Amino acid sequence: MTTQNPAQPPAPAREETLTPDQAQWVSQVFQSTAGAVEQVIHGKRRVIELVLATVLAGGHVLLEDVPGTGKTALARALGQVIQGTSSRVQFTPDLLPGDVTGISVFDQRAGVFEFHAGPIFANIVLADEINRASPKTQSALLEVMEEGRVTVDGTSHDVGHPFLVIATQNPVEQAGTYRLPEAQLDRFMIKTSIGYPDSAAMVRILQGHRSGHEELQPVVTTNMITQAQEFANKVHVSPLVADYAVRLVEATRRADSVRLGGSVRGALSLVRLACAWAVAHGRHYITPDDIRDLALPVLSHRLVLEPEAEFDGVTAEQVVGQILLDVAPPQENGTA
């Protein structure tokens with residue numbers, strides 16, 4: 001599959017609303033990037049688009065998947081096609097917060113402490129098996145995921161833009177792991193999984209196994225991604241569509257099987273991701289369908305179920321799915 005480099009973005013509009021030309025440019029950037037990543041992650045267009053939309057929305061991704069499904073390849077490929085940097089941190093029980101954020105080292109010649117940046121200083125950071133690290137080390141990600149900076153010895157250091165954390169955890173093997181607390185789960189905009197490829201994609205993977213790690217050519221730049229993020233922030237949000245998102249989140253708090261429902265951050269994440277999803281598909285406004293399509297990956301990991309419901313086999317995905325059936329969407333398309 002071939003991709004073309006998108007042209008330069010249209011001139012920024014003076015008003016705060018997004019223009020159709022700007023939306024089409026973002027869509028071109030988005031589709032070119034997704035097509036390039038798909039050369040490595042075969043048959044997983046939906047997952048690739050979800051991750052890219054999360055980048056445009058300024059969020060982070062939690063991948064809960066079994067080993068060997070391409071999580072590392074996804075992060076590496078994404079860093080290559082946006083002409084950015086990527087890093088991988090293998091979380092282990094003995095990993096320290098400084099191993100992630102960086103440390104200050106005393107320079108004897110200069111007589112001052114010099115900051116040595118950790119692997120968190122990259123555009124795409126893969127936090128592999130994040131639940132294997134201690135809670136203290138996990139918490140080292142809280143500030144940087146929320147504010148885009150690291151504070152070491154009282155000094156703040158910006159990690160740059162764009163910035164995406166892709167954290168992974170194995171849903172099968174739980175021995176020697178630390179469950180992510182709800183406060184940290186809430187920091188992830190979406191939770192999804194890559195899953196096994198279908199038969200046709202598996203054949204393509206096996207036929208190309210001799211090539212090793214394929215180096216992808218950049219199709220966009222980090223500056224273009226940053227500009228696309230700014231355009232995504234200008235997508236029109238109709239009051240009725242925003243009300244629909246609020247009603248969905250409030251319904252998670254009233255559900256019988258739920259002890260803790262969606263947070264305010266969850267509602268914000270849902271609307272922000274819907275804005276990115278809309279502009280990625282060439283629209284300067286979000287629709288109720290955008291909210292419905294994204295509610296499951298945005299809300300399900302934020303719910304804490306009642307112990308009785310978990311014992312009965314109820315899942316958060318089932319709860320969100322039922323809420324989508326029960327809560328009626330508005331009849332407008334979001335342009336008003």
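Because the structure is predicted, anything quoted here is derived from the model rather than measured.
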Enquirer: Please determine whether a side-chain nitrogen of the Lys or Arg among E38 and R45 lies less than 4.0 Å from a carboxylate oxygen of the Asp or Glu.
Expert: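 Salt bridge present between E38 and R45.
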Enquirer: For a quick test of reading the model, state the closest non-hydrogen atom pair linking H157 to T155 and the distance between them.
Expert: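 Taking every non-hydrogen atom into account, CD2-O, 3.3 Å.
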Enquirer: Report the distance from atom OG1 of T72 to atom CG of D128, rounding to the nearest 0.5 Å.
Expert: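 These two atoms lie 5.0 Å from each other.
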Enquirer: Within a 6.0 Å radius of atom NE2 on H161, are there more than 12 heavy atoms belonging to other residues, nucleotides or ligands?
Expert: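 Open: at most 12 neighbouring heavy atoms sit under 6.0 Å from NE2 of H161.
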Enquirer: Using a 4.5 Å cut-off between side-chain heavy atoms of Ile, Leu, Val, Met, Phe, Trp and Tyr, which other residues end up in the same hydrophobic cluster as L95?
Expert: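 L95 clusters with L62, V89, F91, V100, F115, I120, F121, V125, I130, L141, V144, M145, V150, V152, V159, F163, V165, L180, L185, F188.
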Enquirer: Is the closest side-chain donor-acceptor distance between T151 and E143 under 3.5 Å?
Expert: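 Their side chains do contain a donor-acceptor pair, which is all the 3.5 Å distance test asks for.
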Enquirer: Ignoring hydrogens and geometry beyond distance, is a side-chain donor-acceptor pair present between E129 and Q169 at under 3.5 Å?
Expert: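 Distance-only check fails for E129 and Q169.
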Enquirer: With heavy-atom distances below 4.5 Å as the criterion, would you say the side chains of T252 and V319 are in contact?
Expert: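 They are not in side-chain contact.
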Enquirer: I'd like to know if D186 and R265 make a salt bridge, using a cut-off of under 4.0 Å between side-chain N and carboxylate O.
Expert: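 R265 and D186: salt-bridged.
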Enquirer: Checking side-chain polar atoms at under 3.5 Å, does D94 have a donor or acceptor matched by the opposite partner on T92?
Expert: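 Yes - a donor-acceptor pair under 3.5 Å links their side chains.
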Enquirer: Of E146, E182, E147, which meets salt bridge (charged side-chain N to carboxylate O under 4.0 Å, His left out) against R187?
Expert: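 Answer after filtering E146, E182, E147: E146.
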Enquirer: Show the nearest heavy-atom pair for residues Q24 and G282, with the distance to one decimal.
Expert: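 It is NE2-O, 3.3 Å.
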Enquirer: Any side-chain donor-acceptor pair under 3.5 Å between Q322 and D326?
Expert: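 Their side chains do contain a donor-acceptor pair, which is all the 3.5 Å distance test asks for.
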Enquirer: Roughly how far apart are L126 CG and L78 CG, rounded to 0.5 Å?
Expert: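 These two atoms lie 11.0 Å from each other.
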Enquirer: Find the distance between CZ (R302) and OG (S263) and round it off to the nearest 0.5 Å.
Expert: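 Going from CZ on R302 over to OG on S263, the span is 5.5 Å.
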Enquirer: Hey, are the side chains of H281 and Q31 touching, using non-hydrogen atoms and a 4.5 Å cut-off?
Expert: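 Yes, at least one pair of side-chain atoms sits under 4.5 Å.
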Enquirer: Is the shortest side-chain heavy-atom distance between L299 and V249 below 4.5 Å?
Expert: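 They are in contact (side-chain heavy atoms under 4.5 Å apart), so the answer is yes.
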Enquirer: Does the K191 side chain pair with the main chain of H301, one donor and one acceptor, at a distance under 3.5 Å?
Expert: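 No.
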Enquirer: First locate atom CD1 of I323, then atom CZ of R253, and finally report the distance between them rounded to the nearest 0.5 Å.
Expert: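 Rounded to the nearest 0.5 Å, the CD1-CZ separation comes out at 11.0 Å.
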Enquirer: Let me confirm one number: the CG-CE distance from L294 to M189, rounded to the nearest 0.5 Å.
Expert: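 Here the rounded value is 10.0 Å.
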Enquirer: If I take atom CD1 from residue I82 and atom CG from residue L216, how far apart are they, to the nearest 0.5 angstrom?
Expert: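 So the gap between those two atoms works out to 12.0 Å.
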Enquirer: With a 4.5 Å cut-off on side-chain heavy atoms, are K136 and P97 touching?
Expert: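 With C-beta onward as the side chain, the pair touches.
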